[in-house]
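Proteins come first, then strands; the chains are lettered A, B, ... in the order of their sequence lines, and each starts at number 1.
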Number of protein chains: 2
Amino acid sequence: MADKKKMVEAITSMEEDFAKWYTDIVKKADLADYSSVRGCTVVRPYGCAIWENIQHDLDGRFKATGHENVMMPMFIPEGLLQKEKDHVEGFAPEVAWVTHGGEEKLTERLCVRPTSETLFCEHYANIIHSYRDLPKLYNQWCSVVRWEKTTRPFLRTCEFWWQEGHTMHETAEEAMAETERMLNVYADFCEESLAIPVTKGRKTKKEQFAGAEATYTIEAMMHDGKALQSGTSHYFGDGFARAFDITFQGRDNKPQYPHQTSWGMSTRIIGAIIMTHGDNDGLVLPPAIAPVQVIVVPVAQHKEGVLEKAGEITEKLKSFCRAKMDDSDNSAGWKFAEYEMKGVPLRLEIGPRDIEQNQCVLLRRDNREKTVVSLDELEAKVPELLRAVHDGLYQKALANREARTWTARTFDELKALAAEKSGFFKTMWCGDEACELRVKEEAGLTSRCMPFEQERIGDVCPICGRPATTSIIWGRAY
Amino acid sequence: MADKKKMVEAITSMEEDFAKWYTDIVKKADLADYSSVRGCTVVRPYGCAIWENIQHDLDGRFKATGHENVMMPMFIPEGLLQKEKDHVEGFAPEVAWVTHGGEEKLTERLCVRPTSETLFCEHYANIIHSYRDLPKLYNQWCSVVRWEKTTRPFLRTCEFWWQEGHTMHETAEEAMAETERMLNVYADFCEESLAIPVTKGRKTKKEQFAGAEATYTIEAMMHDGKALQSGTSHYFGDGFARAFDITFQGRDNKPQYPHQTSWGMSTRIIGAIIMTHGDNDGLVLPPAIAPVQVIVVPVAQHKEGVLEKAGEITEKLKSFCRAKMDDSDNSAGWKFAEYEMKGVPLRLEIGPRDIEQNQCVLLRRDNREKTVVSLDELEAKVPELLRAVHDGLYQKALANREARTWTARTFDELKALAAEKSGFFKTMWCGDEACELRVKEEAGLTSRCMPFEQERIGDVCPICGRPATTSIIWGRAY
């Protein structure tokens, strides 16, 4: 472990085996570990610190838009889950069932929540009486369970952590505006804090959330060209409200059904960060959510004054960013490799010669650019470089997406592209599920979304030749 | 709901029915609501905001003492739970069992974690290899499930939210020091942030955590004289390490077992806050964890300039405390009652005459003391009054505890006191469980703790007459 080469060799290169490269990073950057619980992982301190930063950032955005947090039970009685027909059909096959409490057999099974619409609805029925009680803008941070057959850390696990917003509104228009607003909150978060460009759009009926009238999504492209659905926002109309008998007295004094939304983002997004920004030296973290933004590595630290100066600089850095010094007795080379693996955005190197000249070296993780900086300028230069890392990551990801986005005007063209390339494939579409299924069967692609930014690629659906109603993006997805 | 009297009448007085008073506050201060899930509650936005403040405060104390957060699976395979004999005996009777995932019956049942020692141990066995890997100082925030027969919001629910620290150390001494250190962190938090005086001590063997070698506790006294165990810290020795085969290479190059602790504090503490500080007008919140520290109530708000000035003051307050203005069209009287019910520490009243005189009225929730304060002095006066509320609450709680603490020198004296009083009863004790059981049977009291601050009340155990080894506190507990 003492030299850089040795550590770097230990990661599979992404060109060789992208899936293996991914799990190597999860393991070697100390993000997560396997457990003996089927499909469940242990999120280790470094992974957990990333998630805490994500939570903190998102939670601030939710509160700034008027949302409040609540904590709901983790169990849903079977009868409650069954109240909304489409919803139970979508989720019942993949839930974990509690049948015994202590030594007694339960009279009604409880499922461990796969999502909490039903619990929120039961509560809303208790607390919503008048239009004055609306809107209700609730969110919860928790873990949920879905009995997945194949799992991968962060991307798909039987238990995962997330937030789920559930809101109730007086009118359909308000609920639709909320659905869109929260999709924008997610998109802004991805672009501003994670440096991940996303495509906003609507899911096809086939890919819609169980019980929703409309599902909006943000789709990100991973380094290998595959798509990752990074956050979704659903409009429910009054379907659940009717099923759960939630009514309120309207402004006209008549009973009405409220209109509902839900929206969620999960620990999957950590998988998106890895696969958007990571490279063959390991993780690369966007500064906004990096647990350590600047790692201070003293060079020739046994020499007089080096550790003291490095410590002093670290304290100074801590007043305006998340900084840490590694003064362990590992070699500088080992430390370089270690914090590259962990994706720390900036490395600050300082040795005896630097001290003499009142300077240090700052190295960007994203492009390895070195800058010599005067110690008097740190307060200005470090934030500037952190912003540069963010912008560099964003531009690189955007360039990858642009290079891997193709347009097809015929079905043959789509099939040929799909056979050769990995990325986003744009076509027109008639809106018929039959065509969507043919694309799946014959081109191996699923619909990612009907983008909000519509393009006019042609007039007809290239699959069936009938008039097109929308442009659509196809891809392969995680 | 429009006048104060009506609202206040709606709460049962604590002298009339303490249990009803408690649940009235939970409901009317919008802290929690019942759900159709057996023994589980919905924690509403106001209750959740209190818990978030508690989390934030405690988490800062954990991080300041070098702890890191992780996230473990919520399930424990039956075989894993059974590895440590005493532990499984303690918990198996009260866990919820998952027997089916989706449509398939599981080959091994999974319990929903009642506590996570076993999961942490499994993980520690994977990641601890050398003395250089120690200590491991981990914590997690999550909810756990224990199948309780009778439940009450916050105090005892089948699912509750908590943090559980789990640490591993090279030596027994280090682990014991950690056990004590974390008990002190809890005690300091209770006294400094919750204004709840606590008694630190050790639990008797009978009351010890399942699988622990020693359990330390902080015991708080509620308004009615009953005790509430508010936080516990356990020393495990190397019992779990042996059961889970966790070894590390010691400084002497030989394999050794690490020494372990765990410690937890839960949403129960919200019950402690209610029952320590609450009064017949509702909740009274210690300022450090109050979601709103100052509620601004404009008086005669329809008069010109009142709302503007009140809004301006609220913005100013927000720069140094958590402030909120209620400019709804409810009457001032209704607002007064509402925020008293919600326990907001300070009320700021401002009307046209105050504005003329560049002043406002600040009213303390704890003792209803009014202070007229110049608008130019808010930045100094508000923090001062918040501190005064904290101190006032602490002193009142301490006085209650002192007034309800009795010393008994004979068993008859103890029984007579227990029959008449509610509070803490101090005696000497021989350390024999037989005597502890007699106190339970004949006086209806359980042991709360053997306090760290030992007293010499006499030389013999008043129950059996044999030599005493310790002083002990008895009581009735939530």
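Annotation: maximal heavy-atom pairing with chain A below 4.5 Å, among B:Arg146, B:His123, B:Gln140, occurs at B:His123. Among A:Leu119, A:Val112, A:Leu80, A:Asn139, the residue with the largest count of heavy-atom pairs under 4.5 Å with chain B is A:Val112. Comparing A:Glu104, A:Glu103, A:Glu108, A:Met74 by how many heavy-atom pairs each has under 4.5 Å with chain B, the most go to A:Met74. Highest contact tally toward chain A, considering only B:Leu110, B:Val95, B:Asn69, is held by B:Asn69 [criterion: heavy-atom pairs under 4.5 Å]. Most heavy-atom pairs under 4.5 Å with chain A: of the set B:Pro93, B:Cys40, B:Cys158, this distinction falls to B:Pro93. When the candidates B:Ser36, B:Pro77, B:Cys142 are compared by the number of heavy-atom contacts under 4.5 Å with chain A, B:Ser36 comes out ahead. Counting heavy-atom pairs closer than 4.5 Å to chain A, the top-ranked of the candidates B:His100, B:Glu94, B:Glu68 is B:His100.
Only the backbone of A:Tyr34 comes within contact range of chain B, with heavy atoms under 4.5 Å apart. When heavy atoms are compared at a cutoff of 4.5 Å, A:Asp33 approaches chain B solely by way of its side chain, counted from C-beta outward. Interface residue A:Trp97: backbone and side-chain heavy atoms are both found under 4.5 Å from chain B. Contacts between A:Thr157 and chain B at a heavy-atom distance below 4.5 Å are absent for every atom of the residue. With a 4.5 Å cut-off on non-hydrogen atoms, B:Lys149 does not touch chain A at all. There is no contact between A:Trp141 and chain B, counting heavy-atom distances below 4.5 Å. Contact of B:Val42 with chain A is made through backbone and side chain together, with heavy-atom distances under 4.5 Å. In this structure, the portion of B:Asn126 lying under 4.5 Å from any heavy atom of chain A is its side chain and not its backbone. No part of A:Lys105 comes within reach of chain B, as not one of its non-hydrogen atoms sits under 4.5 angstrom from that chain. Only the side chain of A:Glu52 comes within contact range of chain B, with at least one heavy atom under 4.5 Å from a heavy atom of that chain. If you measure heavy-atom distances from B:Tyr46 to chain A, you find no contacts under 4.5 Å at all.
Between B:Pro45 and A:Tyr138, the shortest heavy-atom distance links the atoms CG-CE2, 3.4 Å. Contact record, B:Met71 with A:Trp51: CE-CD1, 3.4 Å, taken as the closest heavy-atom pair. Across A:Phe75 and B:Ala96, no two heavy atoms sit closer than the pair CZ-CB, 4.3 Å.
Side-chain contact between B:Leu106 and A:Arg38 is absent, with no heavy atoms from C-beta onward closer than 4.5 Å. A heavy-atom distance below 4.5 Å is found between the side chains of B:Glu122 and A:Ser35.
The CE atom of A:Met72 sits 13.5 Å away from atom OG of B:Ser143, with the distance rounded to the nearest 0.5 Å.
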